[in-house]
Every structure is written in C-alpha cells, then in structure tokens.
Student: 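Below is a structure I'd like to ask you about.
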There are 2 protein chains.
Amino acid sequence: MTGPDTALDRTLELAVLVNEDMDRALATDGLTRSRAHVLFELHHRGPVPQRTLSTALQVSARNITGLVDALVATGFVTREPHPTDRRVVLVTPTEHGARTAATLAAGRHQLASALFDGMPANRVATYTEVLDEVLARFRELTAATAR
Amino acid sequence: MTGPDTALDRTLELAVLVNEDMDRALATDGLTRSRAHVLFELHHRGPVPQRTLSTALQVSARNITGLVDALVATGFVTREPHPTDRRVVLVTPTEHGARTAATLAAGRHQLASALFDGMPANRVATYTEVLDEVLARFRELTAATAR
DNA sequence: TATTGTTATACTCTATAACTATA
DNA sequence: TATAGTTATAGAGTATAACAATA
C-alpha cells in the first residue's frame, strides 16, 4: 500500500489541510491568504515599494494595487511617500499589521511543533532529507521542461 | 537547521510547486484546478447529479452550476436527464473528458515515480509513516478545535 | 414540504492594456 | 524614454438568497 503515489498523495493532502486551517485562522483576523502573503513580505522586508511586492510575489502590479487597497481599508498597512522618488509609494505595516504578522508567524511555529515534536529525531531528519531530495528532483524536472 | 519548522515549510513548499506545475499542465488541456476536480470526481464515480458533486467537493450548488457550465462549454462533460427524477441532471464525462482525466491521472503517477523512485525503500516508508503520524495529529488538533 | 438546480447579486484574486505622474 | 502606480475591463472561483420545477 506504500509507494510513490501514496507518498505524493499524503504530502498534498497534508498541505491542503494545513492551508484550509490557515485560511480559517486568517479569516478570523480579517485576512485572506493573498493579503497575508503581502503582510508577511512586509514583515520580513519592512516598508517597500509596491513594485517590489509585485516582483517578490510574482503577481501583476494591478493585483498589488488591489491587495494593498484592501489592507489599507482594513488597517493593516498604510501608503507612505518615498523620501526622494515621488512616483513611489512605500507600503508600511501599521502597528496592528505588524502585531498580526507576528501572531500568525507564532501560530505557524506552534503548529509545526504540535505536528512534529516528540517524534524520534532521526525519523524527522529522514523525513526532511527525503523531502529535500524530492524538491531537488522536482526542480531538476521543471528546469528541464521549462527550458 | 532541521526541526519542525523546516519540516513543515518544506512540505508546504513542495505542495506549492507541485500544484503550480499541475496548474500549468491543466491549462494546456484547457482546464483549471476546480474544473479538473469535478472531472476527477466523475472519473471515479461515473455520472452523478450536481448535488453529489457539491457535497463531495464541499462547495455551493451555485458553484457547481458554474463549473459544469464551463466543462460543458469546453466539451469535457454533458448534462443528461435522470431516468426517473426530472429535477436531477446527471453530469456525464464525454469521451474527451474521460480521456483527459485518464491522461492527467497517468501524469500524476509519472510525477510520483520521478520524485520517489530509486530511493531506499525504507526511507520512503519512513517518510510516509511520519506523514501519516502528522496527518493523524493534525486531524486530532482540528477535531478538538472545531468541536 | 423538501429537494434540485438556476438566476440574481456580490466579493476576491487574477490578468492585460491604456493612462498619469514622475524620473 | 522608462518606471511606478492607477483606472478600465474582463474572467475565474466562491458565496448567499430567491425562485422554479419536481418530488
């Protein structure tokens, strides 16, 4: 009953469940997954131009305009002027936005602990090593295909 | 550098990459992920009422109407009358729809092989076992939370 | 009355193209 | 001319509510 198909299926199943759970948690904070991605990017980079976000998240500039509109409307970020380039807007987390990002990151950390803590360390190590090998294979495959 | 956070992050990363890759493959066949889910459900169940699909996929009846509209328009399924209940429409794969579903399933099988074949069997077994344990823990967590 | 599916309406994410302001 | 961001427009997925046809 074990084998490659099972291994892949279970991996994707876990990801689906974790993502659904994260979506529910985000919703209670008034966020969506896309908006949370923006907020996390700011959490790691600090205030940045919208252009930087559209490049980092690989979405259109238009899309970032909409996501930032929504985050401004719900109080997670503000648009600040760039000190020298008047074309640029610096998307800046509010106090609330920064706190929320930190809380969500902590929640993810807690989830990781709940899922993996207490297992034999060598088994978790094997798990991660297999995953790294699979990721490397996957990247090789798509690099070859995408050419 | 290893630990619960890394294990969870890598898992989600692989899922994101695989899903992006599947989306690209689906797009070349004229499908989206949601529409492919419907098609797969039909692949496994055969012709079913739309109600069955909305229950199985956990989406609204309205949403199924839209997805089936799109699949009909692109030639993957037809709507057939139910033999005895005139309220019901039986969503039925076309020849093209059935072939496409089979091809996609084969592609996923090939991907699983490419990612896991040739690894020591006991490592893949450990990988799957850890995943099963994590899935069990996750379900327990959410069962407790959702009450 | 209850169920199946559709129509009406709305929100979110996404994209491309045209445009404005600035560099 | 090139870049940053917005407006205009469109398509996909999703939801709830009201409704028609049928059971």
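As the structure is a prediction and not an experimental result, all values here were calculated from the model. Note on naming: letters A, B, ... go to the chains in the order of the sequence lines (proteins, then strands), and numbering restarts at 1 for each one.
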Student: Hey, what do you get for CZ (B:R99) to NE2 (B:H43), rounding to the nearest 0.5 Å?
Tutor: 13.0 Å

Student: Can you give one letter per nucleotide of nucleotides 14-23 of chain C, 5' to 3': B if a protein heavy atom sits under 4.0 Å from the base, S if only from the sugar-phosphate, - if neither?
Tutor: BBB----BBS

Student: Please state how far atom NE2 in A:H37 lies from atom C1' in C:dC13, giving the value in whole angstrom units.
Tutor: 13 Å

Student: Can you sort out which residues in residues 41-52 of chain B have a heavy atom within less than 4.0 Å of DNA chain C? Ascending by number, please.
Tutor: B:P49, B:Q50, B:R51

Student: Compare all side-chain heavy atoms of B:D23 with those of B:T32 and state whether any distance is below 4.5 angstrom.
Tutor: no

Student: Quick one: A:I64 CD1 to D:dT6 P, roughly how many Å, whole number?
Tutor: 11 Å

Student: Considering every strand and a 4.0 Å limit on heavy-atom distances, what is the contact class for B:R35: base, sugar-phosphate, or nothing?
Tutor: sugar-phosphate

Student: Only one of A:L135, A:T11, A:V134 passes side-chain contact (heavy atoms from CB on, under 4.5 Å) with B:L115; say which it is.
Tutor: A:V134

Student: Tell me every residue that passes ring-ring contact (aromatic ring centres under 6.0 Å, His included) with B:H96, counting only those two or more places apart in sequence or in another chain.
Tutor: B:F76

Student: Atom CG of A:D23 and atom C1' of C:dC13: how far apart are they, to the nearest Å?
Tutor: 13 Å

Student: Same cluster or not: are B:L111 and A:L12 linked, directly or through other Ile, Leu, Val, Met, Phe, Trp or Tyr residues, by side-chain heavy atoms under 4.5 angstrom apart?
Tutor: yes

Student: Can you say whether the rings of B:Y127 and B:F116 are parallel (under 30°), tilted (30 to 60°) or perpendicular (over 60°)?
Tutor: tilted

Student: Could you tell me the separation between the OG1 atom of A:T65 and the CD atom of A:Q50, rounded to the nearest 0.5 Å?
Tutor: 5.0 Å

Student: Starting at CG of A:L26 and ending at P of C:dC13, how long is that distance when rounded to a whole Å?
Tutor: 11 Å

Student: Using only side-chain N and O atoms of B:T65, determine if any of them is under 4.0 Å from OP1 or OP2 of C:dT7.
Tutor: no

Student: Please confirm whether the backbone N or O of B:G75 pairs with a side-chain atom of B:T94, one donor and one acceptor, at under 3.5 Å?
Tutor: yes

Student: Take atom CZ of A:R33 and atom P of D:dT14, then tell me their distance rounded to the nearest Å.
Tutor: 12 Å

Student: Closer than 3.5 angstrom, by distance alone: can the side chain of A:R137 be matched with the main-chain N or O of B:A114 as a donor-acceptor pair?
Tutor: yes

Student: In whole Å, I'd like the distance from the CG atom of A:L31 to the P atom of C:dC11.
Tutor: 19 Å

Student: Using atom CG of B:D69 as one end and atom P of D:dG11 as the other, report the distance to the nearest whole Å.
Tutor: 15 Å

